[in-house]
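Below, all heavy atoms of this structure are taken into account, side chains as well, without hydrogens, waters or symmetry copies. Residues: numbered from 1 along the sequence shown.
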Amino acid sequence: MVYSEQPGRPVHLSLPLPDMQALANSMKEPPSAELHAAIIAAATASAEQSHAGLVDPYRLHAKVQLSYPSVSIGQIASVLLAWRRVSR
């Protein structure tokens with residue numbers, strides 16, 4: 001479970017943790033600070049639009065790719081997992 005910047009508002013990942021870790025492990029290079037911030041902003045917005053707070057990494061990837069065409073699904077997953085660890 002990940003928490004948004006609003007205290008107590010849960011953000012749930014749509015994939016199980018092992019699958020998210022496998023995606024993160026596929027990352028070739030870590031995201032820049034700018035890309036990291038964009039991923040977090042897009043994830044927060046996606047969670048707020050979802051009634052259940054669900055964040056689908058593949059949909060998030062497509063959304064972020066509109067502004068950052070070279071973003072990989074591995075970068076998306078790694079940021080979401082790091083956000084999960086920090087937000088607890």
Quick one: pull up CD in Gln21 and CG in Leu81 and give me the separation to the nearest 0.5 Å. 5.5 Å
Look up atom CD in Glu29 and atom CE in Met27, then write down how far apart they are to the nearest 0.5 Å. 9.0 Å
Any donor and acceptor pair, going by atom type alone, linking the side chain of His61 with main-chain N or O of Ile76 inside 3.5 Å? no
Measure from the side-chain N and O atoms of Ser26 to the backbone N and O of Leu23, and report whether any donor-acceptor pair falls under 3.5 Å. yes
Between Tyr68 and Gln75, do the side chains contain a donor N or O and an acceptor N or O under 3.5 Å apart? no
Residue pair Pro57 / Leu80: nearest heavy atoms and the distance that separates them: CB-CD1, 4.1 Å
Nearest 0.5 angstrom please: Ser78 OG to Asn25 CG, how far? 9.5 Å
Euclidean distance, Gln49 CD relative to Thr44 OG1, rounded to 0.5 Å: 11.0 Å
With a 4.5 Å cut-off on side-chain heavy atoms, are Pro31 and Val71 touching? no
Between Ala47 and Val55, which heavy-atom pair has the shortest distance, and what is it? CB-CG2, 3.9 Å
Rounded to the nearest 0.5 angstrom, the OG-CD1 distance for Ser46 and Ile39 is 11.5 Å
